[in-house]
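Structure, as structure tokens:
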Amino acid sequence: GSSFLMPASAGAIVARDMLEHGAPEVEQKIFNGYSSTMMRNVPQIQSFYIADSDGNFSTLEHGEQPGQTALTTLHDVGTPKATFTHELRDGNGKLLRQWQTPAGTYDPRGHDWFTDAVRSGQEIWTHPYIVEVTKQVTITAAVPYKGVNDKTYVYAITMSLNHLNNFLNSLKIGESGNAILLDQDGHVVAGHGMQDTQAKAHGDPGKMTLDPLKFPVMTKAFDEYRVHSYGARTVQVKGRRYVTITANLPVGKDSWVLLLVAPEDDFSRFAMADGRQNLLFFVLVVIMALGFGLLLFLQARRGDRLRNQIS
């Protein structure tokens with residue numbers, strides 16, 4: 001999990017260091033160049049934001065076609081003339097189209113990713129939220145810094161959790177086991193039943209909790225975790241015994257809970273005697289975590305290489 005999020009965390013720090021010491025006149029060029037390169041190479045990144053204490057704002061997102069980028073810049077914030085300028089560019093940076101739309105009352109300084117980063121004075125992670133246009137569950141890393149002009153800036157990277165969701169759904173745990181990722185309050189972040197949970201909550205992340213009627217085993221397993229903390233144990237639901245394993249995945253200052261559940265007979269090859277059960281289950285968690293990390297490690301390494309190329 002931390003390997004999946006590493007590109008955003010490391011990327012935000014690298015960008016801050018570059019922007020913090022750059023002259024104001026090249027700030028936009030640094031933002032565009034660094035952000036577009038990262039976005040082309042780290043598939044889970046959705047977009048980049050930069051805003052300052054005067055309300056200036058730019059965002060770089062994926063364009064209409066693969067390889068394209070769309071830059072949106074806010075002008076005349078807080079006035080009746082407030083406007084967004086949009087630029088669509090191809091993979092070589094060639095301008096394909098430019099247009100404007102009214103910005104209304106939009107002000108980046110009123111958004112959590114900006115205010116929370118400024119208040120904390122260090123990198124912060126938002127709670128997962130739904131992007132209305134894409135319907136994707138997203139998380140944002142934001143880092144504040146002071147420019148050479150003494151303005152306060154916030155640089156932010158948003159990441160889709162779809163890749164993480166697909167990976168957890170692809171895990172094979174015995175014949176019929178499942179994996180799910182939850183926050184400490186029991187909100188579903190990714191994994192088994194994500195689509196059903198999201199639909200039932202009507203896209204509200206604050207309501208995306210496990211339905212005990214539809215997912216009784218996972219609900220009971222998470223309740224057991226709340227009482228006994230991380231580890232391996234068995235629970236019984238409707239006369240059938242299930243193996244449950246919970247592991248900690250750090251996310252910024254918080255942590256998520258990786259929950260693995262499978263019928264006990266799926267694990268029948270693991271001996272129940274001689275006190276070896278817990279050891280074998282913990283080995284299983286380690287093996288799965290290593291596979292999880294290996295799958296996503298290459299994406300994090302791309303971020304390291306980009307840092308060396310750009311800096």
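Please read these numbers as outputs of a predicted model, since none were measured by experiment.
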Check: Does one side chain, of Q46 or T138, offer a donor that lies under 3.5 Å from an acceptor on the other?
Finding: yes

Checklist line | Donor-acceptor pair, side chain of R226 and main chain of D185, under 3.5 angstrom | finding: yes

Notebook entry, point to check: What's the spacing between T126 OG1 and M159 CE if we round to 0.5 Å?
Noted result: 11.5 Å

Check: Is the NZ atom of K207 crowded by more than 12 outside heavy atoms at less than 6.0 Å?
Finding: no

Check: Using 30° and 60° as the class limits, which term best fits the ring planes of W113 and Y49: parallel, tilted or perpendicular?
Finding: tilted

Margin query: For the backbone of H187 and the side chain of T209, can you confirm whether one donor and one acceptor N or O come within less than 3.5 Å of each other?
Written below: no

Notebook entry, point to check: With a 4.5 Å heavy-atom cut-off, do K214 and D196 have their side chains touching?
Noted result: yes

Next item on the list: Taking the side chain as every heavy atom from C-beta outward, state whether W99 and L88 have any atom pair closer than 4.5 Å.
Entry: yes

Note to self: Test side-chain contact (heavy atoms from CB on, under 4.5 Å) on R89 and L96; report intermediate values, then the result.
What the structure shows: CA-CA 5 Å; R89 295 182 181 271; L96 302 175; 5.6 Å; no

Note to self: Quick check: do K146 and T152 have side-chain heavy atoms less than 4.5 Å from each other?
What the structure shows: yes

Next item on the list: Taking D54 for its side chain and N56 for its backbone only, find out whether a donor-acceptor pair lies under 3.5 Å.
Entry: no

Margin query: Quick one: does any side-chain atom of T59 pair with a main-chain N or O of F48 as donor and acceptor, under 3.5 Å?
Written below: yes

Notebook entry, point to check: In terms of hydrophobic clustering (I, L, V, M, F, W, Y; side-chain heavy atoms under 4.5 Å; direct or indirect links), are V189 and I124 co-clustered?
Noted result: no

Checklist line | Shortest non-hydrogen contact between Q68 and D90, atoms and distance | finding: CG-CA, 4.2 Å

Next item on the list: Mind running side-chain contact (heavy atoms from CB on, under 4.5 Å) on Y225 and V257 for me, showing each step along the way?
Entry: CA-CA 9 Å; Y225 153 74; V257 181; 3.6 Å; yes

Margin query: Do T246 and R233 have side chains that approach each other closer than 4.5 Å (heavy atoms only, starting at C-beta)?
Written below: yes

Notebook entry, point to check: Any ion pair linking D116 and R119 (charged N to carboxylate O, less than 4.0 Å)?
Noted result: yes

Next item on the list: Using a 4.5 Å cut-off on heavy atoms from C-beta on, say whether the side chain of N178 contacts that of V217.
Entry: no

Check: Roughly how far apart are K200 NZ and M208 CE, rounded to 0.5 Å?
Finding: 12.5 Å

Note to self: Walk me through whether M218 and F222 qualify under side-chain contact (heavy atoms from CB on, under 4.5 Å).
What the structure shows: CA-CA 6 Å; M218 286 191 161; F222 189 72; over 6 Å; no

Item checked: Gap between atom CD1 of I157 and atom CD of E123 - 0.5 Å precision -> 8.5 Å

Note to self: Let me confirm one number: the CH2-CD1 distance from W256 to I180, rounded to the nearest 0.5 Å.
What the structure shows: 13.0 Å

Check: To the nearest 0.5 Å, how far apart are NE2 in H192 and CG in L260?
Finding: 12.5 Å

Notebook entry, point to check: For T158 and S47, does a side-chain donor sit closer than 3.5 Å to a side-chain acceptor?
Noted result: yes

Next item on the list: For V154 and A142, work out which heavy atoms get closest and say how close.
Entry: CG1-CB, 3.9 Å

Next item on the list: Might you point out which heavy atoms bring L74 and P108 nearest each other, and give the distance in Å?
Entry: CD2-CD, 4.0 Å

Next item on the list: Would you please classify the geometry between the F57 ring and the F84 ring as parallel, tilted or perpendicular, with 30° and 60° separating the classes?
Entry: perpendicular

Notebook entry, point to check: Hey, does the side chain of N92 reach the backbone of K94 with a donor-acceptor pair shorter than 3.5 angstrom?
Noted result: no

Check: Where do H75 and T73 land on the side-chain contact (heavy atoms from CB on, under 4.5 Å) test, with the steps shown first?
Finding: CA-CA 7 Å; H75 302 279; T73 305; 3.9 Å; yes

